[in-house]
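Below you'll find the structure, written out as structure tokens, and then a few comments.
Counting convention: from 1, in listed order, for ligands and their atoms alike. If you read the sequence from its start, that first residue is 1, and numbering goes on from there.
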Amino acid sequence: MRTDLFQGHDYYLMDELLTDEHKLVRDTARAWVKKEVSPIIEQAWEKGEFPRHLLNGLAEIGGFGPYIPAEYGGAGLDQISYGLIMQELERCDSGLRSTSSVQSSLVMYPIWKYGTEEQRQKYLPKLASGEWVGCFGLTEPDHGSNPAGMTTNFKDMGDHYLLNGAKMWISNAPFAQVAVVWAKNEEGRIHGIIVERGMEGFTTPTMHGKWSLRASDTGELVFNNVKVPKENLLPGRSGLGAPLSCLDSARYGIAWGAIGAALDCYDVALRYSKERQQFGKPIGAFQIQQKKLAEMITEITKAQLLTYRLGQLRNEGRATSAMISMAKRNNVHMAITIARDARQMLGGMGITNEYPLMRHMCNLESVITYEGTHDIHLLITGMDVTGFDAFK
Ligand code: TGC
Ligand code: FAD
């Protein structure tokens, strides 16, 4: 088992912009990751399962609902603290961050924002404590980038709704107690509905065969005439904008998370470059390796500045969806590029599980795909600056 030697890298003295609370939140998450997750993450990844015994610890560091108010069990933190937690989790593994961001931004957020007070009281404290796990069903087998085309639907049966359809690629689905599902009513309007494990006709088959995000469980959600109580509808908002607003929060967390993955790859490559000797000197003394390291820390620093500013704007309620798209797209691409370069810098050792590089690299293939693909985020920026929608 490799010892986790990670130390943060802060080339532009960004720590000076953080409050004491930000630093405490970050350092607490980092210490927990090093003690509880780093020693077991390679095994979990190889096994292809999320290590469920981590749920309590994730809750304790504020990993479930960081910015949800304390009255509902959340940590009541600001957006920068939320981002820093995501950074520390993904520094270890993207799947670990996924478990946290799905629960926080895609399950707790819509219940808090669009749910009734009864729904908030019923679900949020249990989700915040990690007693319950939730998942978010938007993507369908035939509707990924284009969720507006979804066919999952519900009919008003008088005293309940009848839900039919299927969702695919759903993080946490195989063991979630609660699913926030997006489905169309008889008029074709999209609504969020809370579906609970145990409802008749609701199943969650596990998806196998992933070479990416292996420490996160992924599954389908299948609804076969599921009777859902009417009080499970989220009444606060309908239309595609409702699930997309949840994605804004999760994509923002990913922007920070990707910095974490990049920092870990840079940290490993930098240390290795000083230790590994070839031709009688450390490989870090060769110009080509220095170019790689210099470019890595430059790109990380640019992403840190971009994302910190985005966090300030989120705190002020001024960040637009398009700004979030730019950061998600830029940072994930930056991280996957660094993972690939770092892997090469370790030569043959880079392909082994002695080092986290291949795991980060493979994980980031999911991260660059989910929550809007790299292409979709480019089109969002394109639409924002030109005013022309090039999706259709
Ligand atoms: P469009 O006509 O542009 O918009 C429909 C309505 O939504 C509003 N809107 C937003 N509202 C809030 N936040 C946003 N980010 C919004 N973007 C758009 C918009 O104003 C409009 O409102 P209204 O009132 O006029 O109806 O929609 P479109 O059908 O053209 O699609 C736009 C597009 C392609 C950008 C969107 O569909 C998209 O983002 N597609 C990507 C799908 C995606 O990201 N799926 C993610 C699934 S969840 C997931 O991957 C979780 S992984 C979790 C993990 O493990 O971490
Ligand atoms: P497609 O939409 O079929 O795209 C295929 C290719 O076409 C991509 O390269 C895309 O960029 C390109 N493309 C599509 N439309 C356009 C266009 N208009 N112009 C140009 N190019 C285009 N979803 C959930 O709802 N909940 C989850 O919890 C969840 N977790 C996930 C976990 C993992 C590990 C993965 C891999 C996915 C997860 N997803 C989840 C689904 C994810 O959001 C989708 O995979 C993603 O939105 C892309 O959809 P798709 O896979 O159907 O690809």
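At a heavy-atom distance under 4.0 Å, no atom of L213 approaches ligand 1. Proximity of L138 to ligand 2, defined as any heavy-atom pair under 4.0 Å, is shared by backbone and side chain alike. At a 4.0 Å heavy-atom cut-off, ligand 2 touches S145 through backbone and side chain alike. Contact annotation: for S145 versus ligand 1, heavy atoms closer than 4.0 Å belong to the backbone alone. Contact annotation for D248 and ligand 1: only side-chain heavy atoms (C-beta onward) come within less than 4.0 Å of the ligand. With a 4.0 Å cut-off on non-hydrogen atoms, E371 touches ligand 2 through its backbone and not its side chain. The proximity of L379 to ligand 2, defined as any non-hydrogen pair under 4.0 Å, is limited to the side chain. With a 4.0 Å cut-off on non-hydrogen atoms, R251 touches ligand 1 through its side chain and not its backbone. Under 4.0 angstrom from ligand 2, the non-hydrogen atoms of L213 all belong to its side chain. Residue-level proximity to ligand 1 for T373 is absent, since no heavy atom of it falls below 4.0 angstrom.
Annotation for ligand 1: atoms under 4.0 Å from non-hydrogen atoms of R97 are 56 (O). Listed by atom number, the atoms of ligand 1 under 4.0 Å from F136 heavy atoms are 48 (S). Those atoms of ligand 1 with a heavy atom of G241 less than 4.0 angstrom away are 6 (C), 7 (O), 8 (C), 11 (N), 12 (C). Of all atoms in ligand 1, listed by their number and element, those nearer than 4.0 Å to a heavy atom of T139 are 47 (C). Below 4.0 Å from some heavy atom of I380 lie the following atoms of ligand 1, by number and element: 35 (C). Listed by number with element, the atoms of ligand 1 under 4.0 angstrom from any heavy atom of G144 are 42 (C). Atom numbering of ligand 1 starts at 1 in the shown order; those under 4.0 Å from a heavy atom of S101 are 56 (O). Close approach to S321 involves these atoms of ligand 1, each under 4.0 Å from a residue heavy atom: 13 (N), 14 (C), 15 (N).
Atom 52 (S) of ligand 1 lies below 4.0 Å from at least one non-hydrogen atom of the protein. Distance screen at 4.0 Å: atom 30 (O) of ligand 1 has a protein heavy-atom neighbour inside the cut-off. There is no protein heavy atom closer than 4.0 angstrom to atom 22 (C) of ligand 2. At a distance under 4.0 Å, a protein heavy atom can be found next to atom 30 (N) of ligand 2. The presence of a protein heavy atom under 4.0 Å from atom 49 (O) of ligand 2 is confirmed. Put simply, atom 19 (C) of ligand 1 has no protein non-hydrogen atoms near it, under 4.0 Å away. Distance check on atom 6 (C) of ligand 2: every protein heavy atom falls at or beyond the 4.0 Å cut-off.
Ligand 2 has no N or O atom lying under 3.5 Å from any N or O atom of H143, backbone or side chain. Taking distance alone, with nitrogen or oxygen atoms compared against 3.5 Å, F136 approaches ligand 2 more closely than that limit. At a 3.5 angstrom cut-off on N or O pairs, K210 does not count as close to ligand 2. On a distance-only criterion, Y370 and ligand 2 share no N/O pair closer than 3.5 Å. Checked by distance only, ligand 2 and S171 come closer than 3.5 Å through their nitrogen or oxygen atoms. Considering backbone and side-chain atoms alike, I376 places every N or O at 3.5 Å or more from each N or O of ligand 2. Between S366 and ligand 2, no pair of N/O atoms sits closer than 3.5 Å. Among the atoms of T218, none of the N or O lies under 3.5 angstrom from an N or O of ligand 2.
Regarding atom 45 (O) of ligand 2, its nearest protein heavy-atom neighbour is T369 CG2, 4.0 Å. If you check which protein heavy atom lies closest to atom 55 (O) of ligand 1, you get S98 OG, 2.6 Å.
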May I have the step-by-step check of salt bridge (charged side-chain N to carboxylate O under 4.0 Å, His left out) for D217 and R52, ending in yes or no? CA-CA 10 Å; D217 294 30; R52 294 184 204 173; 3.4 Å; yes
Acceptor/donor pairs from residues 105-113 side chains to any protein atom, 3.5 angstrom cut, sequence neighbours excluded:
unit_1, atom_1, unit_2, atom_2, d
S105, OG, Y67, OH, 3.3
S105, OG, Y82, OH, 2.8
S105, OG, S249, OG, 2.8

Run the side-chain donor-acceptor check on residues 339-349: report pairs under 3.5 Å with partners two or more places apart or on a different chain.
unit_1, atom_1, unit_2, atom_2, d
R340, NH2, E365, OE2, 2.8
R343, NH1, G347, O, 3.2

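When the options L106, L240, I376 are ranked by their closest heavy atom to atom 5 (C) of ligand 1, first place goes to L240.
Using modelled atom types and a 3.5 Å distance limit, the side chains of E316 and Q312 yield no donor-acceptor pair.
A salt bridge links D156 and K230; the closest N-O separation between the charged side-chain nitrogens and carboxylate oxygens is under 4.0 Å.
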